[in-house]
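Working notes, beginning with the structure itself.
In what follows, chains carry the letters A, B, and so on, assigned in the order in which the sequence lines appear, proteins first and then strands, with residues in each chain numbered from 1.
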Number of protein chains: 2
Amino acid sequence: MAEEAKINEPSFQDRIYRELRQKIMLGDLTPGQSLTLRGVAESYEVSMTPAREVLRRLAAEGALIVTNTGRFMTPILSNDRLEELAALRGLLEPEIAARALPRAHLTLIDRLQLINSRISQAVIQKEPISYVQANLEFHRSLYLRAQAPAILALVENIWLQIGPTMRNLYEKVGVNETPVHHLSILAALKSGNESELRLMVRTDVTKGLRMLTR
Amino acid sequence: MAEEAKINEPSFQDRIYRELRQKIMLGDLTPGQSLTLRGVAESYEVSMTPAREVLRRLAAEGALIVTNTGRFMTPILSNDRLEELAALRGLLEPEIAARALPRAHLTLIDRLQLINSRISQAVIQKEPISYVQANLEFHRSLYLRAQAPAILALVENIWLQIGPTMRNLYEKVGVNETPVHHLSILAALKSGNESELRLMVRTDVTKGLRMLTR
DNA sequence: ACACTTCTTTTGTGATCACATTTAATAATG
DNA sequence: CATTATTAAATGTGATCACAAAAGAAGTGT
């Protein structure tokens with residue numbers, strides 16, 4: 001019985017979902033941008049069926065909002081909601097970082113330093129999308145070590161919601177500073193100082209959003 | 001121009017979604033129970049289209065899992081995942097409760113006490129579903145006052161994920177005790193003691209789940 | 001220039017179908 | 001009786017269509 005390795009070829013909707021999700025999380029879509037069934041169906045060369053499932057799925061995750069007439073668009077976050085989401089990041093990410101701390105070995109730290117240099121590059125070259133991407137990769141690489149998929153899912157859920165707005169933020173304000181807090185995070189990881197790690201993660205994730213809410 | 005009040009009649013999928021979501025959250029479905037497109041379509045007397053969108057939406061929210069062959073079922077939570085979800089409740093619910101504290105007036109407290117008596121009733125009459133329902137209503141009534149929809153959404157998201165498992169817990173262990181911590185929560189609300197409120201909410205929400213993970 | 005109406009286009013919803021894959025039920029074999 | 005092979009039923013995916021509601025465009029009149 002020659003069991004072939006199942007390719008488990010991803011379905012259309014899986015592929016489209018991942019691509020759109022990535023676009024939203026990295027800020028490739030601006031707040032309030034509307035997406036239509038036939039629009040995404042056409043741009044991905046599929047029928048309406050996969051397109052609608054993807055849009056509804058993204059809406060269920062908060063990445064899109066559904067207007068009262070059934071249209072889909074990226075959310076326009078009020079200041080109150082942005083404050084909430086920042087608070088959630090400040091609550092969840094220190095926790096998952098602390099859980100990753102005991103498992104953070106040198107291999108990981110090296111990788112984080114590498115990603116950090118990519119962030120600095122993106123700052124210099126003023127590429128907001130690369131900046132966001134590398135920044136999220138820094139955090140995700142750390143959090144993956146926590147072996148806490150449920151927490152990570154909520155964290156990424158929030159990243160999804162703030163994606164379009166973050167893009168706007170970085171375009172307006174610009175990214176002037178190299179990620180200083182990331183260095184503190186790395187230091188705390190090396191020394192195994194949990195409370196310091198929690199504090200640095202919290203300030204790092206709330207810093208960027210605070211400057212927008214006022 | 002006689003603007004009629006828009007009824008905004010909910011679509012099929014909205015109605016089905018709400019009913020199924022409620023069933024899952026209250027533990028009306030057992031862990032590992034599978035749902036099929038044609039099954040729910042038939043039981044709600046609609047075509048496959050609304051049914052599939054509802055199932056996918058619930059899957060996106062973590063209320064259902066999708067097997068690697070595309071089937072839908074309620075999740076069977078491992079101990080690790082249950083611990084994570086308990087930790088998330090212990091992290092999020094004290095925060096949102098604290099935000100509700102300044103706005104918790106007597107009207108609300110009276111309502112909470114009324115709900116509390118319903119909980120005691122459900123305990124006496126050994127009705128686990130009513131118990132879960134009243135218990136969640138107690139928490140939700142409080143959290144609604146926080147005016148923090150983003151946080152509340154995450155909290156309810158977690159309730160959804162643990163719904164079927166909670167039902168199993170209460171059937172096995174039984175609900176012996178009246179909600180003692182709720183009284184402490186009410187006391188903290190009356191006295192305006194935030195740190196006490198946070199502590200009591202945390203212990204209340206983690207207590208039930210801890211007894212299952214070991 | 002502006003408000004209001006009318007008409008055209010766009011859009012989401014639900015239904016139905018065909019197809020491939022998976023699950024189960026049944027039969028066959030040792 | 002247990003195991004494997006075969007067949008039948010069930011299931012998710014994607015496509016297409018009809019339809020009503022909404023959004024946008026074009027007039028229309030003041």
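- Nearest heavy atoms, A:Glu53 versus A:Thr49: CG-O, 3.1 Å.
- OP1 or OP2 of C:dT13 sits under 4.0 Å from a side-chain N or O of A:Arg56.
- Scored by the ring pair (Phe, Tyr, Trp, His ring centres under 6.0 Å) test, B:Tyr143 finds B:His139 as partners (sequence neighbours excluded).
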Name the atoms and distances for all side-chain donor-acceptor pairs under 3.5 Å in residues 148-156 of chain B, with sequence neighbours left out.
from	atom 1	to	atom 2	distance (Å)
B:Glu156	OE1	B:Arg21	NH2	2.9
B:Glu156	OE2	B:Arg140	NH1	2.3

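- At the phosphate of D:dG14, neither OP1 nor OP2 sits under 4.0 Å from any side-chain N or O atom of B:Arg52.
- Closest non-hydrogen pair, B:Leu92 versus B:Ile158, comes out as CD1-CD1, 3.8 Å.
- Defining each end axis of the helix from C:dA1-D:dT30 to C:dG30-D:dC1 as the rotation carrying four pairs' C1' atoms onto the next four, with five pairs an end, the two axes are found to diverge by 10° to 10 degrees.
- A:Pro179 pairs by the side-chain contact (heavy atoms from CB on, under 4.5 Å) definition with A:Asn116, A:Ile119, A:Ser120, A:His182, not counting sequence neighbours.
- Residue B:Ser11 places its side chain closer to C:dT13 than to any other of D:dT11, D:dG14, C:dT13.
- A:Glu53 comes within 4.0 angstrom of nothing in the nucleic acid, heavy atoms only.
- There is a side-chain donor-acceptor pair under 3.5 Å between B:Glu61 and B:Tyr17.
- Applying a 4.0 Å cut-off to non-hydrogen atoms, the residues of residues 31-50 of chain B that approach DNA chain D are B:Leu35, B:Thr36, B:Leu37, B:Arg38, B:Met48, listed by residue number.
- Partners of A:Arg99 by salt bridge (charged side-chain N to carboxylate O under 4.0 Å, His left out), not counting sequence neighbours, listed by chain and number: A:Glu95, B:Glu83.
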